[in-house]
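Right, one structure below, let's go through it.
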Amino acid sequence: MALTGKRILLIISGGIAAYKSFDLIRRLRERGASVRPIMTRAAQEFVTPLAVGALSASHVYVDLFSREDEQDVGHIRLARENDLVVVAPASADLMAKMAHGLADDLASAVLLATDRPVLIAPAMNPKMWAAPATRRNAETLKADGIHFIGPMAGEMAESNEAGIGRMAEPLEIVAAVERLLDGTAKPLAGKTAIVTSGPTHEPIDPVRYIANRSSGRQGHAIAAALARLGADVTLISGPVTIPDPSGVKAVHVERAEEMLDAVLSRLPADIAVMVAAVADWRVASSAEQKIKKRPGEVPPPLQLAENPDILKTVGHHDRRPKLVVGFAAETQDIEKNGRAKLERKGADMIVANDVSPETGIMGGSRNRVKIISAHGIDEWPDLGKDEVAERLAQLIAERLTGA
Ligand code: CTP
């Protein structure tokens with residue numbers, strides 16, 4: 001069966017379309033999925049927890065402050081212990097709460113706490129769907145990576161008004177669930193990816209080097225996220241103190257020139273994501289022996305030479321990967337500099353971020369990025385580096401497979 005073993009958390013919010021959740025539960029279970037329902041207070045005005053519980057063969061969760069439920073699973077586990085969260089029907093009110101991060105009842109708290117994909121099936125009066133506030137909320141939710149099915153055009157149940165607002169039919173929702181669970185499986189299966197990460201160390205002599213503050217967290221997280229989507233990933237990392245992520249082939253290098261060789265030796269590949277903070281310069285001729293200080297003499301000058309630009313080399317290579325992604329670490333004019341880098345380096349996408357010291361991004365665990373590409377500029381909210389990685393991997397999969 002198509003959904004065998006899949007765990008669906010079904011959130012039912014208020015609306016006449018709530019009666020369709022009976023059929024939805026039945027269709028999901030027929031295909032082998034288990035369904036755990038949450039109902040909002042408004043939903044219980046339309047259908048009863050008793051009926052929903054009987055059809056789903058599950059306890060129905062309704063209250064954020066229920067002592068038994070919180071001890072039993074708790075809203076955080078409810079949010080996580082599933083493969084997909086489906087909101088059907090999704091009312092205008094619940095969408096507004098989601099868009100603004102409200103968490104004043106069980107449904108909204110779980111939606112805020114979940115790290116699973118979320119599919120919503122909006123259902124509301126056409127005027128409510130067309131209202132500017134709902135338009136804004138829908139845009140926000142889409143930008144946040146929430147998946148939509150519907151609403152559809154047609155007759156409304158409660159009036160003879162027609163327009164866009166009718167909830168998708170249960171079988172349409174099931175098809176979207178199957179696509180998503182399949183899609184979340186392995187959209188990058190059979191694709192190869194090269195990811196660079198971390199700083200480079202450019203030796204001055206056998207004991208000294210020039211380095212930068214990169215921790216490798218973002219690059220490592222991206223390598224792991226691409227691997228989770230099924231890509232065969234080679235992570236080429238400069239010296240870092242974090243462990244190699246599981247599921248990737250890790251290659252450790254020190255200098256920019258070594259990193260370039262490692263990257264080129266892995267071409268051809270489908271995807272290249274150059275995240276490393278490669279040192280722009282190396283010491284022109286690093287000393288073979290430790291440079292000794294000589295009392296009374298002026299300190300030795302450091303003659304620098306330019307390092308190869310790995311991203312630019314890959315972006316213009318005759319075995320160029322189909323999708324080349326670079327990063328732009330900026331402290332000012334982020335968009336302008338990002339666009340210029342897209343051009344100059346021959347990349348398809350630049351992930352630009354502000355690394356001014358006050359942002360705490362370099363070496364920190366969070367990131368706030370803008371995605372610059374021929375499609376325009378997309379600004380992502382402040383996210384953990386793992387979330388940035390997850391979204392970027394999804395975006396790469398979409399751009400590569402045209403999905
Ligand atoms: N990069 C690279 N090789 C280099 C320098 C940079 O592959 N020698 C890559 C980085 O991995 C990143 C992108 O190029 O994907 C942008 O690097 P950044 O240091 O921000 O830009 P620069 O080209 O060095 O430009 P500037 O110093 O003027 O900001």
Side-chain angles (χ1 to χ4, degrees), residues 193-203 209-223 225-226 233-240 251-267 269 271-284 304-317 319-321 323-357 359 361-363 367-373 377 385 388-389 392-393 395-396 399:
I194 305 170
V195 180
T196 65
S197 184
T200 61
H201 284 183
E202 307 298 332
Y209 57 84
I210 301 176
N212 61 63
R213 295 185 196 283
S214 169
S215 65
R217 279 192 205 159
Q218 187 64 85
H220 280 51
I222 290 167
L226 290 169
V233 180
T234 303
L235 169 67
I236 299 168
S237 174
V240 293
V251 176
H252 295 271
V253 298
E254 201 159 318
R255 297 177 293 110
E257 289 173 312
E258 287 170 355
M259 190 175 270
L260 176 67
D261 289 345
V263 168
L264 294 183
S265 74
R266 264 121 193 129
L267 292 180
I271 304 158
V273 190
M274 306 285 98
V275 197
V278 183
D280 289 317
W281 305 284
R282 64 178 181 279
V283 177
L304 298 178
E306 197 167 324
N307 264 334
D309 188 321
I310 302 171
L311 173 59
K312 194 171 165 189
T313 308
V314 170
H316 294 96
H317 203 274
R319 279 184 293 169
R320 181 189 191 278
L323 199 73
V324 176
V325 181
F327 269 64
E330 306 292 347
T331 54
Q332 56 188 350
D333 290 335
I334 298 170
E335 290 186 16
K336 191 169 134 252
N337 289 331
R339 274 185 207 278
K341 257 171 220 181
L342 188 73
E343 277 283 307
R344 191 171 73 242
K345 303 212 178 195
D348 299 295
M349 221 189 278
I350 289 283
V351 183
N353 56 11
D354 183 348
V355 292
S356 308
T359 64
I361 284 173
M362 201 125 177
N367 208 349
R368 194 184 172 96
V369 304
K370 293 182 184 181
I371 308 291
I372 302 172
S373 71
I377 296 184
K385 285 186 176 171
V388 169
L392 186 66
L395 183 62
I396 287 171
R399 295 272 163 98

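In this text, all values refer to a predicted model and were calculated from it rather than measured experimentally. Remember, it's 1-based here, ligands and their atoms both numbered in the order they're listed.
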### Message
For K385, is there any backbone N or O sitting under 3.5 Å from a side-chain donor or acceptor partner on Q218?
### Response
yes
### Query
So, for S214 and A277, which heavy atoms are closest and what is the spacing to 0.1 Å?
CB-CB, 3.7 Å
### Summary
Filtering A276, G219, A272 for the heavy atom nearest atom 10 (C) of ligand 1 leaves A276
### Query
Under 3.5 Å between some N or O of ligand 1 and some N or O of A329?
yes
List the atom pairs, with distances to 0.1 Å, where a side-chain N or O of residues 342-355 and a protein N or O form a donor-acceptor pair under 3.5 Å, not counting sequence neighbours.
from	atom 1	to	atom 2	distance (Å)
K345	NZ	D309	OD2	2.9
D348	OD1	R320	NH2	3.3
D348	OD2	R320	NH1	3.3
D348	OD2	R320	NH2	3.0
D348	OD2	V324	N	2.7
N353	ND2	N367	OD1	3.2
D354	OD1	S356	N	2.9
D354	OD1	S356	OG	2.6

### Task
Give the residue and atom name of whichever protein heavy atom lies nearest to atom 4 (C) of ligand 1, and the separation in Å to one decimal.
V278 CB, 3.5 Å
### Task
Taking all non-hydrogen atoms of both residues into account, name the closest pair between P321 and V314 and its distance.
CD-CG1, 3.6 Å
### Query
Within the side chain of S197, is there an N or O that forms a donor-acceptor pair under 3.5 Å with the backbone of V275?
no
### Query
In the protein, what heavy atom is nearest to atom 15 (O) of ligand 1, and what distance, to one decimal place, separates them?
M274 O, 2.5 Å
### Which residue and heavy atom of the protein sit nearest atom 23 (O) of ligand 1, plus the separation
K345 NZ, 2.5 Å
### Query
Which part of R344 is near ligand 1, with near meaning a heavy atom under 4.0 Å away: side chain, backbone, both or neither?
side chain
### Task
May I ask you to identify the nearest protein heavy atom to atom 3 (N) of ligand 1, giving residue, atom name and distance to one decimal place in Å?
I310 N, 3.0 Å
### Query
Heavy-atom distance from atom 1 (N) of ligand 1 to the protein below 4.0 Å?
yes
### Non-hydrogen side-chain atoms of V240 and H220 separated by less than 4.5 Å
yes
### Task
Could you tell me which atoms of ligand 1, counted from 1 in the order shown, lie closer than 4.0 angstrom to a heavy atom of G326?
15 (O)
### Query
What's the spacing between I271 CD1 and I396 CD1 if we round to 0.5 Å?
6.0 Å
### Message
Within a 6.0 Å radius of atom NZ on K312, are there more than 12 heavy atoms belonging to other residues, nucleotides or ligands?
### Response
no
### Query
Tell me: protein heavy atom nearest atom 5 (C) of ligand 1, and distance?
D280 OD1, 3.7 Å
### Query
Okay, side chain of N337, backbone of Q332: is any donor-acceptor separation there less than 3.5 Å?
yes
### Query
Using heavy atoms and a threshold below 4.0 Å, how should the contact between P308 and ligand 1 be classified: side chain, backbone, both, or neither?
backbone
### Query
Are any of the heavy atoms in D309 under 4.0 Å away from ligand 1?
yes
### Query
Can you name the one residue among E202, E306, E257 that meets salt bridge (charged side-chain N to carboxylate O under 4.0 Å, His left out) with R282?
E257
### Task
Would you mind listing which atoms of ligand 1 come within a distance below 4.0 Å of any non-hydrogen atom of A328?
20 (O)
### F327-ligand 1 polar pair, N/O distance under 3.5 Å
yes
### L311, portion touching ligand 1 at heavy-atom distance under 4.0 Å
both
### Task
Identify, for atom 29 (O) of ligand 1, the protein heavy atom at the shortest distance, and state residue, atom and that distance.
K341 NZ, 2.9 Å
